[in-house]
Amino acid sequence: MDALLELYERMGISPGVYAYGEKILDKLADRFAAVDKVAEYNQAKVLAAMQKNRVSAACFVPSTGYGYDDTGRDCLERVYADVFHTEAALVRPQITCGTHALTVALSANLLPGDELLSPVGMPYDTLQEVIGIRESPCSLKEYGVSYRQVDLLPDGGFDLEGIRRAINEKTKLVTIQRSKGYATRPTFSVDRIGKLIEFLKSIKSDLVCMVDNCYGEFVETIEPSDVGADLVVGSLIKNPGGGLATSGGYICGKADLVERCAYRLSAPGLGQEVGANFGVMKDFYQGFFLAPTVVAGAEKGAIFAANLYEPLGFRCVPNASESRHDIIQAVELGSEAGMIAFCQGIQAAAPVDSYATPMPWDMPGYNDQVIMAAGAFVQGSSIELSADGPIRAPFAVYFQGGLTWYHAKLGILMSLQKMIDGGLVSL
Ligand SMILES: *Cc1c(COP(=O)(O)O)cnc(C)c1O
């Protein structure tokens, strides 16, 4: 292993940082074994869905123009529907990102006069303009869809009484964000989401329950659609794309709701029948096939990061020993300088653009300046090793991804190295 040490040292990681990392890793064998068990189950689940739907080389053929009779596209949607145990799925390169997928799902299933409810507090930053919490042209608010929010209780629990009071005759759709996003609340387990959905439906049985599943896919053996969610929505440049999807999003759920999404995405009457695949199908299938193991590697990176940083005095969410329900690790660095050093370490460990120096900037859709470290093969892909966060108290960096565990490990060690080099922490 001396050769490895030597190589790491040449890449900028000091023997002290490496040794500290190894000491932390020695204690994580059981955690990692549990992650591998989930990955093994999910690998079999994806494989079974591909076999059942008779995926073949013909599925990878590019289509152009209208994309009529695109058997590869249609088959992939059946594979997704089977993995998520839903009636239908819309999986398209035309869905630009997670925000777009959520926008399609919301605007397809909310009409003027309807009300949207978030029973889990403020939604993800980019959704605020979609809903109209922050004014924007074409927001749901502009189209006459009202919004109500019930914040989590101080202990992170659901405010059941508040939710009961908030639901009224106009409440049509409930949006539940699984992952914490840029907040430091806990991410919800699928089990907890199921209990919330059960409660919501006990108050009003015809509520449409949508889960923003971003970053949660394949972290557990079940998905929100297994516990009553009517729609689950996510991005293909996060977990389910497995690092290979170059764009895209998915919406899985009840057939009538997904059909409306297809009408919204293309046009009323056209729906799911149109949409060329531009030759991305092989990557979409192969990425979905790899996703369970890629997610496992990313999760190991997150567990390693929490266990590395927590003993050094930085609050981590989730903490070092907690169970995990997404691939995000928040590390509260307490200062802008800490965020910059951490992100510069992640950047320096990247396979692409490793020579770049990330700095805070005004990113569209976000209220505060944001810093992002991303040396990704796919622009903005956050299933690849990346770190980002809004420059605001408590100066938390949200760290996620890693197409391989070894890359995640190297990135985390490099982040610690930059923190040490900057005099922001010592071992
Ligand atoms: C990333 C994310 C989104 C938005 O996805 P983009 O692809 O960045 O548009 C929405 N919700 C959550 C919880 C996310 O993590």
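No hydrogens, no waters, no symmetry mates; every other heavy atom, side chains included, goes into these values. Every number for a ligand or one of its atoms is a count from 1 in the order of the listing. Here the structure is a predicted model, which is why all the values come from computation and not from measurement.
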Quiz item: Based purely on interatomic distance, does G98 place a nitrogen or oxygen under 3.5 Å from a nitrogen or oxygen of ligand 1?
Solution: yes
Quiz item: Are any of the side-chain heavy atoms of F188 and F158 separated by less than 4.5 Å?
Solution: yes
Practice problem: Would you please say whether a donor-acceptor pair under 3.5 Å links the side chains of N213 and R178? | Solution: yes
Quiz item: Does E322 CD have over 12 foreign heavy atoms under 6.0 Å away?
Solution: yes
Self-check item: Option with minimal heavy-atom separation from atom 9 (O) of ligand 1, where the choices are I95, T99, I328
Solution: T99
Practice problem: Answer yes or no: does an N/O atom from T126 fall short of 3.5 Å to an N/O atom of ligand 1? | Solution: no
Exercise. Specify the protein heavy atom at minimum distance from atom 13 (C) of ligand 1: its residue, its atom name, and the distance to 0.1 Å.
Key: D212 OD2, 3.4 Å
Quiz item: Relative to the heavy atoms of Q177, which atoms of ligand 1 are at a distance of less than 4.0 Å?
Solution: 13 (C)
Self-check item: Within 45° cone of Y215 ring axis and under 6.0 Å: K238 NZ or CZ
Solution: yes
Quiz item: Mind checking whether L102 has a heavy atom under 4.0 Å from ligand 1?
Solution: yes
Practice problem: Using the side-chain contact (heavy atoms from CB on, under 4.5 Å) rule, pick out the option among N168, T171, L173 that qualifies with L117. | Solution: T171
Quiz prompt | Heavy-atom gap K238 to ligand 1 smaller than 4.0 Å | solution = yes
Quiz item: Can you tell if the side chain of S415 reaches within under 4.5 Å of the side chain of Y309, non-hydrogen atoms only?
Solution: yes
